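Here, residue 1 is the first one in the sequence, and each next residue gets the next number. Quantities reported herein were computed from a predicted structural model and do not represent experimental measurements.
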Amino acid sequence: MEQKVEEIVSWLQQKVEEANVEGLLVGVSGGIDSAVVANLIKKAFPENSLGVIMPCKSQSEDQEHAESVVEACQLPVMTVDLSETHNVMFSTIKKQLEEADALNEDQVQLADANLRARLRMSTLYTIATNHKYLVVGTDNAAEWYTGYFTKFGDGGVDLVPISNLTKGEVKEMAEYLGVPDQIIHKQPSAGLWEGQTDENEMGTSYAMIDRHLKGEEIPEEDRKIIEALHKRSAHKREMPPAPPQ
């Protein structure tokens with residue numbers, strides 16, 4: 001694990017040098033993935049790294065957990081509350097759709113959640129530009145493979161340092177890095193609405209996805225779900241397509 005951490009830290013330093021920028025920042029959500037990345041960027045750039053906490057109609061527990069993460073690894077932090085920004089923007093758009101008799105009620109919850117993710121991305125890039133930093137993503141291998149991220153939201157980043165690590169490996173790295181236990185053992189959730197969890201939304205478990213990524217046998221129903229998610233989300237892992245010349 002020490003070697004894995006050293007390799008990722010070295011890679012982060014190399015990417016910053018190649019981009020001719022000065023450091024790295026990450027959005028800290030209170031979850032295990034962003035906690036690991038927070039520790040990694042602090043190791044890579046002790047004096048030029050930043051955590052950004054962005055509550056947006058969030059559970060108070062998530063902000064408390066995020067604060068415990070940056071405190072534990074001594075990462076400089078700033079907090080930008082996006083709740084009011086989201087309220088104004090989403091209500092304005094929704095009102096215009098209603099007036100045009102074009103609002104799809106079935107898609108309201110998802111549109112609301114995706115806008116939050118994209119507002120956070122915009123916030124991170126605004127702060128990164130100010131500091132001359134790169135934005136570091138927090139998707140692990142399971143999320144990357146299944147497309148469990150918002151396109152141009154939490155998927156809108158410059159670097160994805162843990163996208164080759166299974167969820168289990170992320171947990172091992174978190175333990176090695178000294179991430180607080182309450183973060184390591186909490187139920188994975190994007191915190192998008194009350195009672196929302198990653199695994200309920202995906203219809204399978206991280207353990208099953210990890211096993212599938214390792215080439216191990218898993219129940220056929222889980223395999224079908226995982227492969228369907230992977231196929232449906234292919235566009236998220238590619239640059240926007242253009243027609244042939």
Side-chain angles (χ1 to χ4, degrees), residues 1 3-5 7-8 27 29-37 40 59 62 65 104-118 120-121 136-157 159-177 179 181-241:
M1 188 55 65
Q3 182 181 350
K4 282 184 181 180
V5 169
E7 287 173 352
I8 295 174
S29 67
I32 189 171
D33 300 306
S34 67
V36 166
V37 174
L40 292 171
Q59 304 293 317
D62 291 337
H65 286 171
N104 184 348
E105 291 286 356
D106 293 339
Q107 292 293 97
V108 167
Q109 187 179 56
L110 181 60
D112 177 305
N114 283 343
L115 179 59
R116 290 188 229 176
R118 290 171 179 138
R120 288 179 172 128
M121 178 274 291
V136 185
T138 63
D139 291 317
N140 57 58
E143 291 168 334
W144 194 252
Y145 189 81
T146 59
Y148 191 71
F149 57 88
T150 299
K151 191 174 186 179
F152 304 124
D154 48 322
V157 295
L159 306 171
V160 282
I162 63 170
S163 64
N164 293 327
L165 301 179
T166 65
K167 192 71 170 181
E169 289 171 330
V170 170
K171 185 176 179 180
E172 291 174 20
M173 187 170 285
E175 291 169 345
Y176 171 79
L177 292 167
V179 170
D181 284 345
Q182 60 184 354
I183 311 299
I184 294 174
H185 300 295
K186 72 187 289 189
Q187 181 79 357
S189 170
L192 299 175
W193 52 79
E194 188 70 34
Q196 184 265 344
T197 68
D198 294 359
E199 294 182 333
N200 283 345
E201 261 201 289
M202 289 188 289
T204 187
S205 68
Y206 278 114
M208 287 297 172
I209 300 171
D210 285 358
R211 286 174 56 188
H212 184 62
L213 292 176
K214 293 175 182 177
E216 298 175 6
E217 289 292 325
I218 61 172
E220 183 63 13
E221 182 179 349
D222 289 278
R223 189 194 68 78
K224 286 181 178 179
I225 290 171
I226 293 165
E227 284 306 307
L229 289 169
H230 178 68
K231 183 177 181 180
R232 191 169 68 216
S233 63
H235 65 97
K236 294 186 179 184
R237 293 178 293 272
E238 299 169 352
M239 292 295 290

- Item | Closest non-hydrogen atom pair between F152 and R118, with its separation | O-CG, 3.3 Å
- Which heavy atom of A141 sits nearest a heavy atom of N164, and at what distance? CB-C, 4.0 Å
- Task: May I ask you to test the L177-V5 pair for a side-chain heavy-atom distance under 4.5 Å?
- Result: yes
- Note on the structure: V179 and A35 have their tightest heavy-atom pair at CG1-CB, 3.8 Å
- Item | Polar contact flag, side-chain donor to acceptor under 3.5 angstrom, T150-N114 | yes
- Which residues share a salt bridge (charged side-chain N to carboxylate O under 4.0 Å, His left out) with D33, sequence neighbours left out: K167
- Message: Going by the rule side chain to side chain contact (heavy atoms under 4.5 Å, CB included), which residues pair with H235 if we only count those two or more places apart in sequence or in a different chain?
- Response: K151
- Nearest-0.5 Å distance, CG of residue L115 to CG of residue L110: 11.0 Å
- Which heavy atom of V170 sits nearest a heavy atom of V36, and at what distance? O-CG2, 3.7 Å
- Task: Can you see which heavy atom on D154 is nearest to which on V157, and at what distance?
- Result: O-CG1, 3.7 Å
- Nearest-0.5 Å distance that lies between atom CD1 in I209 and atom NE2 in H230: 12.0 Å
- Task: Evaluate the ring planes of H212 and Y145, with Trp represented by its six-membered ring, and classify them as parallel (under 30°), tilted (30 to 60°) or perpendicular (over 60°).
- Result: perpendicular
- Message: Among residues at least two apart in sequence or on other chains, which ones pass side-chain hydrogen bond (donor to acceptor under 3.5 Å, both in side chains) with Q3?
- Response: E7
- CE-CG distance between M173 and N140, expressed to the nearest 0.5 angstrom: 11.5 Å
- Side-chain donor/acceptor of D222 to backbone N/O of M208, under 3.5 Å: no
- K171 meets the side-chain hydrogen bond (donor to acceptor under 3.5 Å, both in side chains) criterion, sequence neighbours left out, with none
- Query: Considering residues at least two apart in sequence or located in another chain, which fulfil the ring-ring contact (aromatic ring centres under 6.0 Å, His included) criterion with Y206?
  - Reply: none
- Task: Could I get the full list of side-chain hydrogen bond (donor to acceptor under 3.5 Å, both in side chains) partners for E175, not counting sequence neighbours?
- Result: none
- Item | Rounded distance [0.5 Å steps], CD in E227 versus OG1 in T146 | 10.5 Å
- Query: Does atom CD of E217 have more than 12 heavy-atom neighbours, drawn from other residues, nucleotides or ligands, at distances under 6.0 Å?
  - Reply: no
- Task: Could you tell me which non-hydrogen atom of G137 sits nearest to which non-hydrogen atom of P161, and how far apart they are?
- Result: O-CD, 3.6 Å
- Residues passing the side chain to side chain contact (heavy atoms under 4.5 Å, CB included) test with E216, sequence neighbours excluded, are R211, K214
- Note on the structure: With sequence neighbours left out, the residues meeting side chain to side chain contact (heavy atoms under 4.5 Å, CB included) with I225 are T204, E221, L229
- Note on the structure: Those residues at least two apart in sequence (or on a different chain) that pass side chain to side chain contact (heavy atoms under 4.5 Å, CB included) with K224 are E220
- Item | side chain to side chain contact (heavy atoms under 4.5 Å, CB included) assessment of L40 paired with I162 | CA-CA 10 Å; L40 292 171; I162 63 170; 3.9 Å; yes
- Quick one: do K4 and E169 make a salt bridge, cutoff under 4.0 Å? yes
- Find the distance between NZ (K236) and OH (Y148) and round it off to the nearest 0.5 Å. 9.5 Å
- Under the side-chain hydrogen bond (donor to acceptor under 3.5 Å, both in side chains) test, residues paired with S34 that sit two or more places apart: S29
